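These numbers come from a predicted model, not from an experiment. In what follows, chains are A, B, ... by sequence order, proteins preceding strands, each numbered from 1.
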Protein chains: 2
Amino acid sequence: MKTSIQKVSEQLKSYQIRPSFQRVRILHYVQTEKNHPTIDMIYSSLLAEIPSLSKTTIYNTLKLFVDAGIMQPITIENHEIRYDADTTPHIHFKCIDCGEVTDVFIPEQQDWLSSRIPSGYDVHEQHLYARGRCPECQL
Amino acid sequence: MKTSIQKVSEQLKSYQIRPSFQRVRILHYVQTEKNHPTIDMIYSSLLAEIPSLSKTTIYNTLKLFVDAGIMQPITIENHEIRYDADTTPHIHFKCIDCGEVTDVFIPEQQDWLSSRIPSGYDVHEQHLYARGRCPECQL
DNA sequence: GTATCTGCAAAACATTTGCAATTCT
DNA sequence: AGAATTGCAAATGTTTTGCAGATAC
């Protein structure tokens, strides 16, 4: 049976992206921790494992992944970009207390928005997000 | 009959905010041009009228307005914050060609999202936006 | 051996902060 | 005069760029 590191490596190859050590670890990290990390979160988490890692590499790599369609950038706060390895449409909920971003899947979301936007608009992407208090942070 | 400048001035007073010349012009600009401007768009548009205007004042003023609930910041691109003087829930559509952000009102939006998020989450705000090509930019 | 990839250092940008000058009441 | 507001200049923080060394094919 293949390890998930091997799977990540093959996923990259299928996108014609060379599976360098850094790239594989970055993608693996974002896929397994489903925490929608920022650049800094990725950097500080991987530093123990890859002491030579630089932020420039993370910037380069995430740009590569986003352009390839492997990841999507999530824009909830204007001062932090988060990244999600799940590119299917779903809702992001950010807790105003703990700061965590969690996924909410609503079956009928798929075309709710696009089907309601007036004709004449050519919709490429739709994004829904909410802010509030998550179940763990209720008193 | 009152000019819209006078109306803006009174709106500010109703929020206990002193209607200084700069504040009135900034709010008036965002309200009348419904272009969801960035800080820079506001700055360069008002510079002719207020040559001494500084960006710091715009930063200060917009923070004041957002905290007071007079405006909402719109986060579509991570590298630019736009501001909207309409704080009722509605959809923003950003055209990938001309870059304009337009409003789309869908009557049933009001509670579509909040009513579908699993119970346990306490939803304070919901935001929907889409990206694509606007009617004017179709070939 | 040639392409690609990584990571340092510097550059470019956007936003915030401290403070002095100005304006309003 | 006293309090609030403005705007300059400096500080901060984040992202991008240029490039030299390392790595992979």
Engineer: Where does D:dA3 land, syn or anti, given syn is within 90° of 0?
Structural biologist: anti
Engineer: So, B:Q72 versus B:E125: side-chain donor-acceptor pair below 3.5 Å or not?
Structural biologist: no
Engineer: Give a yes or no answer on whether the side chain of A:R82 reaches the backbone of A:N35 with a donor-acceptor pair at less than 3.5 Å.
Structural biologist: yes
Engineer: Provide the closest heavy-atom pair for A:V104 versus B:P118 in the form atom of the first, atom of the second, distance.
Structural biologist: CG1-CD, 3.6 Å
Engineer: At the 4.0 Å heavy-atom cut-off to chain A, mark where contacts on DNA chain C begin and end, going 5' to 3'.
Structural biologist: C:dT4 to C:dA9
Engineer: Between the side chain of A:S14 and the main-chain N/O of A:Q11, is any donor-acceptor distance below 3.5 Å?
Structural biologist: yes
Engineer: With a 4.5 Å cut-off on side-chain heavy atoms, are A:L128 and B:H127 touching?
Structural biologist: no
Engineer: Look at the side chain of A:T57 and the backbone N and O of A:L53, then say whether any donor-acceptor pair between them is shorter than 3.5 Å.
Structural biologist: no
Engineer: Looking at B:E100, I'd like to know if its CD atom is crowded, meaning that more than 12 non-hydrogen atoms belonging to other residues, nucleotides or ligands lie closer than 6.0 Å.
Structural biologist: no
Engineer: Check the distance between D:dA24's P and A:K13's NZ and give it to me in whole angstrom.
Structural biologist: 14 Å
Engineer: Measure up the B:Y129 and A:Y129 rings against each other and bin them: parallel (under 30°), tilted (30 to 60°), perpendicular (over 60°).
Structural biologist: perpendicular
Engineer: Hey, does the side chain of A:R116 reach the backbone of A:W112 with a donor-acceptor pair shorter than 3.5 angstrom?
Structural biologist: yes
Engineer: Determine to 10° how strongly the helix from C:dT4-D:dA22 to C:dT25-D:dA1 is bent, judged from the axes of its five-pair ends.
Structural biologist: 20°
Engineer: A side-chain contact here means heavy atoms from C-beta on lying under 4.5 Å apart; do B:Y83 and B:I26 qualify?
Structural biologist: no
Engineer: Nucleotides 5-15 of chain D: which of its N/O atoms have a protein N/O under 3.5 Å away?
Structural biologist:
residue: D:dT5; atom: OP1; partner: B:R23; partner atom: NH1; Å: 2.6
residue: D:dT5; atom: OP1; partner: B:R23; partner atom: NH2; Å: 3.3
residue: D:dT5; atom: O5'; partner: B:R23; partner atom: NH2; Å: 3.4
residue: D:dT6; atom: OP1; partner: B:S20; partner atom: OG; Å: 2.3
residue: D:dT6; atom: O3'; partner: B:Q22; partner atom: NE2; Å: 3.1
residue: D:dG7; atom: OP1; partner: B:Q22; partner atom: NE2; Å: 3.4
residue: D:dG7; atom: OP1; partner: B:S52; partner atom: O; Å: 3.1
residue: D:dG7; atom: OP1; partner: B:S52; partner atom: OG; Å: 2.7
residue: D:dG7; atom: OP2; partner: B:T57; partner atom: OG1; Å: 2.8
residue: D:dG7; atom: O5'; partner: B:S52; partner atom: O; Å: 3.4
residue: D:dC8; atom: N4; partner: B:T56; partner atom: OG1; Å: 3.4
residue: D:dT15; atom: OP2; partner: A:Y59; partner atom: OH; Å: 2.3
residue: D:dT15; atom: O5'; partner: A:Y59; partner atom: OH; Å: 3.1

